[in-house]
Trainee: 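I have a structure here, written as structure tokens, and I will follow up with some questions on it.
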Amino acid sequence: MRWSQAFIPTLRDDPADADAVSHRLLVRGGYIRQLMAGVYSVLPLGFRVRAKIIRIIREEIDAIGGQELLLPALHPREIWERTGRFESMGEILFTLDDLRGGDAVLGPTHEEIFTSLATEITSYRHLPQLWYQIQTKFRDEARPKSGLLRVREFTMKDSYSFDLDDAGLDLQFDRHFAAYSNIFRRIGVTAIPVEASSGAMGGTDSIEFIVPSPAGEDDVAHCPACDYAANVERATSTLPRIEDPVGPAQPERFPTPGVRTIADLAAFEGGAAGDRQIKTLVYVLDGEPVLVLLRGDHELQEQKLLDETGTVEARSGHPEEIRELLGADAGSLGAVGVEGPRILADLQLAERTNMVTGANIDEHHLRGVDVGRDIAVSEWMDLRTVVAGEGCPVCGEPLEVLRGIEAGHIFKLGTKFSEALGATVLDADGVSVPLVMGSYGIGVERNLAAAVEMNHDDRGIVWPVSIAPYEVVITVVKPDDDDTVTVADRLYEDLLAADVDVLIDDRAERPGVKFTDAELIGVPYRVTVGPRGLADGVVELTVRRTGERSELAVEDAQDVVANLVRSSR
RNA sequence: CGGGACGUGGCGCAGCUUGGUAGCGCGCAUCGUUCGGGACGAUGAGGUCGCCGGUUCAAAUCCGGCCGUCCCGACCA
């Protein structure tokens, strides 16, 4: 491509509304433009990168036996109602009417559609199957942000596996794990596989691939020693045992004027440290009010509460609800003697004694509370959020907590969708059994952005060669100098013939502008052709990532550059 | 959805408090001088001041409503 003819609208200034590094650089570099909140146009440079990412994904999924197909983005509302997800995903579903008055939705994902197609599989002899597509998804996110990282319309590769039994699913799952690892490596991002919550999917196993980045939205507990990694929605840790001093034979009420918080009570004369308090929260789970108990210095992990209780929608109780349920306001709540609502207690409270908690009378607390003796816990469960520095559940070393981008997610779905939609086969004994399914997603543009988050410097993007829009840019220093143009054009033609993706900057611009633009858009290799070098029979090669420069004899340039590109793809 | 900010040529911004001919930088076009790290000069093109309504002789500016965008939070396969 000749830069003089290309549509590469680079900007000299940072766009005012771009915050994330990838957002800023992709807009400035002329890769993308925003059309509306969370919706972007992909310009020629961006399109080339996207195409390379798609090619890598396609090669890897084909390699594990995937069959590519294309399902509609426009779905009947009815199929979403049949699996209950019109309700559970209702918020993010784009809905629309058609002329015959029916309701349609734009697909946010495709389990329902793949599963309904899979009803055509009738015999175990036709299993396993692995189907995938690379297609546009629509999700009406409440808050799109950070450029391509969180959008409302995006491309996803989603694959779906169909097996007779769990063993078959496990195999397909493991193959996807390997394929995804290959994909991220080839795209040039570091993605940490982490145990994840299955959320509303209701599956069994689920692994997210997280690219560490401050622009991400997921927190991951990671053990540097043994590689344990889990989304904090799921992560556990080991904590030192606390020895409680011996307490009274029954709880004692005491006034605590002005005490509202855990910290207040810890500082209060006659109170107790946070780790000796019981925190009592009122939550409403699918309409049912419950009490949630945690150690005073621990934070609730709401996703764990959802997962453990099988709840679709959870919220904290409103002040009026709390008062009606317990007779006091937040700040003085407790579970001692409470009957009626379910009491869900975090495992870390087990066998604790002589604790301090609210008395359900405003500005009064109880001391000497023995959890086993005084509180009618309905269910024990892991509910707390892991914090950096706590012990790894596998090896005990201190955990770190990283922020990252969810670049891919693989799920074992089991039979949830096949049962709901009647996707069954006859097994060898002639018995009708539901297909055992897995689903596997990877966001194309999100990975493009993640690659920029991981590969940039203060001058711009630094693409890995594998996904760079162009592998080489030839910078023509003096486009009105005949020798320069002759040599540059010949090199350009030769590199094209050698199957190198090459861009020639033949614009009538000053050299500084060209160098700056080349660095901004992030082309891995730059060959500078100008009279100064040609006087000595050389051109100059600059490596974008390292800034390393070398001189190449004009006659060698084509071979050297082509080989360099080939070896770094 | 709650909180905050913003909306003025392609991009980045000033002007609004105190109503009176719409400005600056970059970019763009033409010409000239320049030319190996974002040149200089001259001339020029380009704007329903987000939209609707109100106040006023007169509204980018004041008032009301709406729309849009970004940030924080809530939310989120």
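Just so it is clear: chains get the letters A, B, ... in the order the sequence lines come, proteins before strands, and each one is counted from 1.
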Trainee: When rounded to the nearest 0.5 angstrom, what is the spacing between CD1 in A/Ile442 and CD1 in A/Ile410?
Mentor: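 One finds 10.5 Å between CD1 of A/Ile442 and CD1 of A/Ile410.
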Trainee: Using atom C1' in both nucleotides, what's the gap between B/G50 and B/U61 to the nearest angstrom?
Mentor: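 The answer is 16 Å between these two C1' atoms.
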Trainee: Classify A/Arg33 by what it touches in the nucleic acid, base, sugar-phosphate, or nothing, heavy-atom distance under 4.0 Å.
Mentor: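 Contact class for A/Arg33: none.
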Trainee: A/Asp170: what forms a side chain to side chain donor-acceptor pair (under 3.5 Å) with it, not counting sequence neighbours?
Mentor: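 Here the qualifying residues are A/Lys412.
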Trainee: Does A/Asp218 have any salt bridge (charged side-chain N to carboxylate O under 4.0 Å, His left out) partners at least two apart in sequence or in another chain, and if so, which?
Mentor: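 Per chain and number, A/Asp218 pairs via salt bridge (charged side-chain N to carboxylate O under 4.0 Å, His left out) with no residue.
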Trainee: Name the pairs: protein N/O against N/O of nucleotides 25-29 of chain B, kept only if under 3.5 Å.
Mentor:
residue : atom : partner : partner atom : Å
B/G27   : OP1  : A/Arg12 : NH2          : 3.2

Trainee: Between B/G36, B/C35, B/G38, which one does the side chain of A/Pro511 approach most closely?
Mentor: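 Taking heavy atoms from C-beta onward, the closest nucleotide is B/G36.
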Trainee: When the side chains of residues 282-289 of chain A are checked against the rest of the protein, which donor-acceptor pairs come out under 3.5 Å, sequence neighbours left out?
Mentor:
residue  : atom : partner  : partner atom : Å
A/Tyr283 : OH   : A/Glu302 : OE1          : 2.9
A/Asp286 : OD1  : A/Val312 : N            : 3.3
A/Asp286 : OD1  : A/Glu313 : N            : 2.7
A/Asp286 : OD2  : A/Val312 : N            : 3.1
A/Glu288 : OE1  : A/Arg342 : NH2          : 3.0
A/Glu288 : OE2  : A/Arg342 : NE           : 3.0

Trainee: Please classify the nucleic acid contact of A/Gly441 as base, sugar-phosphate, or nothing, using heavy-atom distances under 4.0 Å.
Mentor: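 No contact.
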Trainee: A/Phe177: which residues meet the ring-ring contact (aromatic ring centres under 6.0 Å, His included) condition with it, sequence neighbours left out?
Mentor: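 For A/Phe177, the residues satisfying ring-ring contact (aromatic ring centres under 6.0 Å, His included) (neighbours in sequence not counted) are A/Phe209.
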Trainee: Relative to the 5' end of RNA chain B, which residue comes earlier, A/Pro15 or A/Arg532, by the nucleotide with the nearest heavy atom?
Mentor: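 Mapping each residue to its closest nucleotide by heavy atoms, the 5'-most match is A/Pro15.
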Trainee: Going 5' to 3' through nucleotides 70-75 of chain B, assign each nucleotide B (protein heavy atom under 4.0 Å from a base atom), S (under 4.0 Å only from sugar-phosphate atoms) or - (no protein heavy atom that close).
Mentor: SBBBBB
Trainee: Can you sort out the partners of A/Glu60 under salt bridge (charged side-chain N to carboxylate O under 4.0 Å, His left out), two or more places apart, ordered by chain and number?
Mentor: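 A/Glu60: salt bridge (charged side-chain N to carboxylate O under 4.0 Å, His left out) contacts with A/Arg186.
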Trainee: For the CG atom of A/Leu130 and the CD atom of A/Glu68, what is their distance to the nearest 0.5 Å?
Mentor: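 Those atoms lie 11.5 Å apart.
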Trainee: Is A/Arg28 touching bases, backbone alone, or none of the nucleic acid, heavy atoms closer than 4.0 Å?
Mentor: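 Counting heavy atoms under 4.0 Å across all strands, the contact made by A/Arg28 includes a base.
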Trainee: Separation of A/Asp14 atom CG from B/G38 atom C1', in whole Å?
Mentor: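 It is 14 Å, rounded to the nearest whole Å.
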Trainee: In whole angstroms, how far is the P atom of B/G38 from the CG atom of A/Asp458?
Mentor: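 Rounding to the nearest Å, CG of A/Asp458 and P of B/G38 are 16 Å apart.
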Trainee: If I pick the P atom on B/C28 and the same atom on B/C70, what distance separates them, to the nearest angstrom?
Mentor: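 The answer is 28 Å between these two P atoms.
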Trainee: Write down the partner of B/C40 under the Watson-Crick or G-U wobble criteria, each distance required to be under 3.5 Å.
Mentor: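 Pair assignment: B/C40 / B/G32.
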Trainee: Nearest-Å distance, CZ (A/Arg24) to P (B/C11)?
Mentor: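 About 18 Å, once rounded to whole Å.
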Trainee: Using Watson-Crick or G-U wobble geometry with both distances below 3.5 Å, tell me the partner of B/G53, or none.
Mentor: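 Here B/G53 is engaged in a pair, and the nucleotide opposite it is B/C63.
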Trainee: Which base, if any, makes a Watson-Crick or G-U wobble pair with B/G47, both distances under 3.5 Å?
Mentor: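 Paired with B/G47, as far as the under-3.5 Å criterion goes, is no nucleotide at all.
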Trainee: For B/U17, which nucleotide in any strand shown is its Watson-Crick or wobble partner with both distances under 3.5 Å?
Mentor: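 Paired with B/U17, as far as the under-3.5 Å criterion goes, is no nucleotide at all.
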Trainee: Could you measure between the two P atoms, the one in B/G44 and the one in B/G23, and give it in whole Å?
Mentor: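 Approximately 14 Å lies between the P atom of B/G44 and that of B/G23.
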Trainee: Could you list the residues that satisfy salt bridge (charged side-chain N to carboxylate O under 4.0 Å, His left out) with A/Asp458, not counting sequence neighbours?
Mentor: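 Here no residue qualifies.
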Trainee: Could you tell me the separation between the CD atom of A/Glu153 and the CG atom of A/Asp140, rounded to the nearest 0.5 Å?
Mentor: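 Output value for this atom pair is 12.0 Å.
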Trainee: Using atom C1' of each nucleotide, how far apart are B/A29 and B/G9 to the nearest Å?
Mentor: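 Their C1' atoms lie roughly 15 Å apart.
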Trainee: Could you tell me whether the side chains of A/His298 and A/Thr385 share a donor-acceptor contact shorter than 3.5 Å?
Mentor: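 Absent: no donor and acceptor within the cut-off.
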Trainee: Rounded to whole angstrom units, what separation is found between the CD1 atom of A/Ile92 and the P atom of B/C1?
Mentor: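 It is 16 Å, rounded to the nearest whole Å.
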Trainee: Between A/Asp517 (CG) and B/G36 (C1'), how many Å, whole number?
Mentor: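 About 16 Å, once rounded to whole Å.
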Trainee: When you compare B/G36 with B/C26, how far apart are their C1' atoms, in angstrom units rounded to a whole number?
Mentor: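 Looking at atom C1' only, B/G36 and B/C26 are 23 Å apart.
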Trainee: Provide, to the nearest angstrom, the distance between the CD atom belonging to A/Gln301 and the P atom belonging to B/C76.
Mentor: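 One finds 12 Å between P of B/C76 and CD of A/Gln301, rounded.
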Trainee: Could you measure between the two C1' atoms, the one in B/C52 and the one in B/C11, and give it in whole Å?
Mentor: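 Comparing C1' positions in B/C52 and B/C11 gives a spacing of 28 Å.
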Trainee: May I have the list of side-chain donor-acceptor pairs in residues 507-516 of chain A shorter than 3.5 Å, sequence neighbours left out?
Mentor:
residue  : atom : partner  : partner atom : Å
A/Arg507 : NE   : A/Asp505 : OD1          : 2.9
A/Arg507 : NH1  : A/Asp517 : OD2          : 3.1
A/Arg507 : NH2  : A/Asp505 : OD2          : 3.1
A/Arg507 : NH2  : A/Asp517 : OD2          : 3.1
A/Lys514 : NZ   : A/Val476 : O            : 2.7
A/Lys514 : NZ   : A/Asp505 : O            : 3.2
A/Lys514 : NZ   : A/Arg507 : O            : 2.7
A/Thr516 : OG1  : A/Gly512 : O            : 2.6

Trainee: Taking atom P in both B/A60 and B/G19, compute the distance separating them and give it to the nearest angstrom.
Mentor: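 Taking atom P in both B/A60 and B/G19, they lie 13 Å apart.
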Trainee: Short of 4.0 Å, heavy atom to strand atom, which residues of residues 535-557 of chain A count as contacting RNA chain B?
Mentor: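 Residues of residues 535-557 of chain A under 4.0 Å from RNA chain B: A/Glu540, A/Arg549.
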Trainee: Under 3.5 Å, is there a donor-acceptor pair linking the side chains of A/Thr542 and A/Arg544?
Mentor: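 No, no side-chain donor-acceptor contact under 3.5 Å.
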Trainee: Using a 4.0 Å cut-off on heavy atoms, which residues in residues 72-81 of chain A reach RNA chain B? List them by number, or say none.
Mentor: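 Heavy-atom cutoff 4.0 Å gives no residues at all.
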Trainee: About how many Å separate CG of A/Leu421 and CD1 of A/Ile79, when rounded to the nearest 0.5 Å?
Mentor: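 The distance works out to 5.5 Å.
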Trainee: Between A/Arg446 (CZ) and B/C76 (P), how many Å, whole number?
Mentor: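 Rounded to whole Å, this separation is 15 Å.
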Trainee: Provide the closest heavy-atom pair for A/Leu169 versus A/Ser161 in the form atom of the first, atom of the second, distance.
Mentor: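 Answer, listing the atom of A/Leu169 first, then A/Ser161: CD1-OG, 3.9 Å.
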Trainee: Sequence neighbours left out, what pairs pass ring-ring contact (aromatic ring centres under 6.0 Å, His included) with at least one residue falling in residues 9-42 of chain A?
Mentor: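 Found A/His23-A/Tyr40, A/Tyr31-A/Trp463.
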Trainee: Whole Å only: how far is the CG atom of A/Asp505 from the C1' atom of B/G37?
Mentor: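 Interatomic distance, CG of A/Asp505 to C1' of B/G37: 13 Å.
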Trainee: Take atom P in B/A59 and the same atom in B/C76, then report the distance between them in whole Å.
Mentor: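 Between the two P atoms, the distance is 49 Å.
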Trainee: Once you apply a heavy-atom cut-off of 4.0 Å, does A/Thr528 come out as touching a base, just sugar-phosphate, or nothing?
Mentor: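 Contact class for A/Thr528: base.
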Trainee: Testing the 3.5 Å rule here: is there a donor-acceptor pair between the side chains of A/Gln5 and A/Trp3?
Mentor: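 No.
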Trainee: May I ask which nucleotide in the shown strands pairs with B/C76, Watson-Crick or G-U wobble, both distances under 3.5 Å?
Mentor: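 Pairing partner, where one exists within any strand: none, as none qualifies.
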Trainee: Does B/C11 have a Watson-Crick or wobble mate here (both distances under 3.5 Å), and if so which one?
Mentor: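 Looking at the geometry, B/C11 pairs with B/G25.
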